[in-house]
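Below is one structure; the comments refer to it alone.
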Amino acid sequence: MNVYILGGLRTPIVVANTKFKTIRPEILGAEVLKALRGKFKLERVDEVICGNAVGTGGNIARLMTLLADFDESTAALTVDRQCASGAAAISIAFAKISAGLADVIIAGGAESSSLQPLRVYNKNDPRFNLTAADGIQGGYRTAQFSPNEFDALAMLKGAQRIAEAENISKDELDAWAVRSHKRATAAKANLRGFIVEVAGVCEDTGIKNLSKRLLERAPLPLGYGVISAANACRINDGAAFVVLVSEKFLRRNNLTPAARIVDAVTGGVNPLESPRGAQAVADLLLAKNNLTYDDLAAIEFNEAFAVIDVLFERAHPNLVDRYNRLGGALAYGHPYGASGAILLIHLLAALKDGLGLMSIAGAGGTGDAVLIEA
């Protein structure tokens with residue numbers, strides 16, 4: 001059964017601990033849900049599926065749905081695949097509608113890094129004696145992603161490992177940071193219709209005019225290597241959702257979709273080099289559909305680290321003009337659970353005709369990719 005995207009909306013992507021620092025992620029998400037319901041005149045939604053990585057736990061999707069004044073009969077599901085959570089939510093929605101289990105699902109994600117809670121391991125957990133955050137024994141904020149690594153800086157170290165393994169220089173990484181910010185600056189007008197104003201904020205706050213001096217002064221979070229605060233994404237707050245519908249719903253309501261979802265896949269890579277997941281699952285999705293990157297009119301990868309961009313450029317130097325046309329997470333930022341839906345929205349904005357692909361890597365070595373046709 002064919003599955004279509006009516007469209008999507010997102011909040012501004014805001015640097016953590018700034019303009020959204022007191023707004024809970026379920027409230028950010030509820031604002032987008034209400035706007036989508038109004039824009040597409042949705043009388044009923046079968047389910048809301050929300051990706052969330054660092055929230056307070058519980059079924060945040062259900063809380064969000066009720067805050068948005070959706071009918072109490074609306075089902076809700078929260079998904080945690082870390083950075084790939086929003087994309088996973090979309091993949092699940094695609095699968096359910098394809099199987100005939102639903103006609104209308106709103107899927108995406110919401111995240112507030114500003115309000116990321118401090119957790120404490122149980123005293124019976126051996127990890128209790130290995131951590132201490134904010135002076136609290138057993139306290140931690142970053143979950144364990146791999147059985148072979150227990151480190152709050154695991155993602156940064158994974159990016160550094162790839163840079164070393166592939167002999168990637170800091171100049172290469174910094175060049176992609178500059179490109180990302182320039183493209184994001186040029187794309188502001190293109191994205192205006194996809195952004196919902198929240199708390200008086202109507203524009204993304206992380207986009208900068210990067211100079212060589214700023215790049216040189218950017219600190220190295222690990223204290224060594226080539227991964228800097230400029231060529232790794234910032235942490236952010238935001239929410240983004242898309243409306244997925246069945247062909248039956250589309251015809252019954254005489255609606256014109258923005259795109260059709262062709263296919264979606266998930267996969268895994270070495271958890272110690274998790275940024276490789278974006279390329280790996282994109283390759284998997286294209287091979288499954290007997291396609292190549294040359295068949296794509298637009299490509300969106302979540303550039304949590306510029307190493308992802310460099311790997312793509314080296315593999316497909318002739319396709320850089322089709323890749324992250326509106327800029328990427330190095331400029332906008334990365335509100336973890338929402339980023340998969342942000343990528344899909346940006347893909348819709350960039351894709352005028354033909355096939356488009358979005359792909360995102362997740363902590364722990366996972367990845368999700370979605371193929372659409374305008």
Side-chain angles (χ1 to χ4, degrees), residues 49-54 77-96 98 107-109 111 142-166 168 227 232-233 261-293 296 299-312 314-316 328-329 334 336-344 347 357-372:
I49 306 179
C50 176
N52 182 258
V54 297
L77 170 68
T78 301
V79 177
D80 180 359
R81 195 173 274 155
Q82 291 295 295
C83 308
S85 299
I90 292 164
S91 294
I92 292 168
F94 166 65
K96 293 190 78 167
S98 295
E111 204 74 74
T142 303
Q144 184 174 1
F145 301 132
S146 164
N148 300 315
E149 186 173 45
F150 182 53
D151 194 327
L153 301 177
M155 295 296 289
L156 287 161
K157 289 183 176 180
Q160 178 61 33
R161 286 188 194 101
I162 294 170
E164 292 171 2
E166 302 292 341
I168 296 173
I227 307 301
C233 67
I261 296 186
V262 178
D263 202 0
V265 301
T266 188
V269 296
N270 180 353
L272 299 182
E273 295 185 351
S274 59
R276 291 190 189 273
Q279 184 85 54
V281 292
D283 291 350
L284 184 66
L285 180 55
L286 290 173
K288 182 185 173 191
N289 288 274
N290 297 312
L291 297 168
T292 70
Y293 284 90
L296 302 173
I299 304 158
E300 287 283 330
F301 278 17
N302 189 54
E303 49 180 32
F305 301 97
V307 292
I308 294 168
D309 301 325
V310 174
L311 292 177
F312 179 88
R314 288 182 177 184
H316 309 285
H334 178 21
Y336 312 120
S339 288
I342 292 168
L343 284 177
L344 189 53
L347 184 60
L357 179 146
M358 57 79 55
S359 187
I360 183 168
T366 65
D368 276 79
V370 178
L371 180 68
I372 68 172

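Everything numeric in this text was worked out from a predicted model, so none of it was measured.
- Within the 4.5 Å cutoff, the side chain of V79 has heavy atoms near those of the L77 side chain.
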Start with the C-alpha gap between R161 and E166, add the side-chain angles, then the distance that decides, and say whether salt bridge (charged side-chain N to carboxylate O under 4.0 Å, His left out) holds.
CA-CA 9 Å; R161 286 188 194 101; E166 302 292 341; over 6 Å; no
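- The SG atom of C233 sits 8.5 Å away from the CD1 atom of I308 when rounded to the nearest 0.5 Å.
- Under a 3.5 Å cut-off, the side chain of E149 and the backbone N or O of D151 do not form any donor-acceptor pair.
- For the pair S85 and R81, the tightest heavy-atom approach, listed with the atom from each and the gap, is OG-N, 2.7 Å.
- Taking CD1 from I299 and CG from L347, the interatomic distance works out to 9.5 Å, rounded to the nearest 0.5 Å.
- Shown here are the side-chain contact (heavy atoms from CB on, under 4.5 Å) partners of A264, two or more places apart in sequence or in another chain: S91, F94, V370.
- Taking 4.5 Å as the limit, some side-chain heavy atom of I360 sits within range of a side-chain heavy atom of S339.
- The distance from atom CD1 of I227 to atom CD1 of I168, rounded to the nearest 0.5 Å, is 8.0 Å.
- A distance of 12.5 Å separates CD of E303 from CG of L311, quoted to the nearest 0.5 Å.
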Residue pair L285, D263: steps toward the side-chain contact (heavy atoms from CB on, under 4.5 Å) verdict
CA-CA 8 Å; L285 180 55; D263 202 0; 3.8 Å; yes
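- Using a 4.5 Å heavy-atom threshold, the side chains of F301 and L357 count as touching.
- For D80, the side chain to side chain donor-acceptor pair (under 3.5 Å) partners at least two apart in sequence or on another chain are Q82.
- Side-chain contact between T266 and V281 is absent, with no heavy atoms from C-beta onward closer than 4.5 Å.
- Interatomic distance, CD1 of I342 versus CE of M358, reported as 10.0 Å (0.5 Å rounding).
- H316 and Y293 have tilted rings, their planes meeting at an angle from 30° to 60° on a 0 to 90° scale.
- Listed here is the closest heavy atom pair of A163 and V307: CB-CG1, 4.1 Å.
- Pairing each heavy atom of A329 with each of A304, the nearest pair is CB-N, 4.4 Å.
- Proximity of L156 to F305: side-chain heavy atoms (C-beta onward) are separated by under 4.5 Å at one or more points.
- Considering every non-hydrogen atom in both G109 and A341, the closest pair reads N-CB, 4.4 Å.
- The salt bridge (charged side-chain N to carboxylate O under 4.0 Å, His left out) test applied to E164 returns no partner, not counting sequence neighbours.
- Closest of all the heavy-atom pairs between A280 and V269 is CB-CG1, 3.5 Å.
- Proximity of a side-chain donor or acceptor of E111 to a complementary backbone N or O of V54 within less than 3.5 Å is detected.
- Residues L371 and I261 have side chains not in contact (no heavy-atom distance under 4.5 Å, counting atoms from C-beta outward).
- Annotation: side chain of V262 is in contact with side chain of N289 (closest heavy-atom distance under 4.5 Å).
- Listed by chain and residue number, L272, E273 satisfy the side-chain contact (heavy atoms from CB on, under 4.5 Å) test with N270 (two or more places apart in sequence, or in another chain).
- Across all their heavy atoms, A361 and A278 have their closest contact at CB-N, 3.5 Å.
- Relative orientation of the Y336 and H334 rings is perpendicular, given thresholds of 30° and 60° on the angle between their planes.
- By the side-chain contact (heavy atoms from CB on, under 4.5 Å) test, S274 pairs with M155, sequence neighbours left out.
- For T78, the side-chain contact (heavy atoms from CB on, under 4.5 Å) test picks out N52, N59, I60, A61, with sequence neighbours left out.
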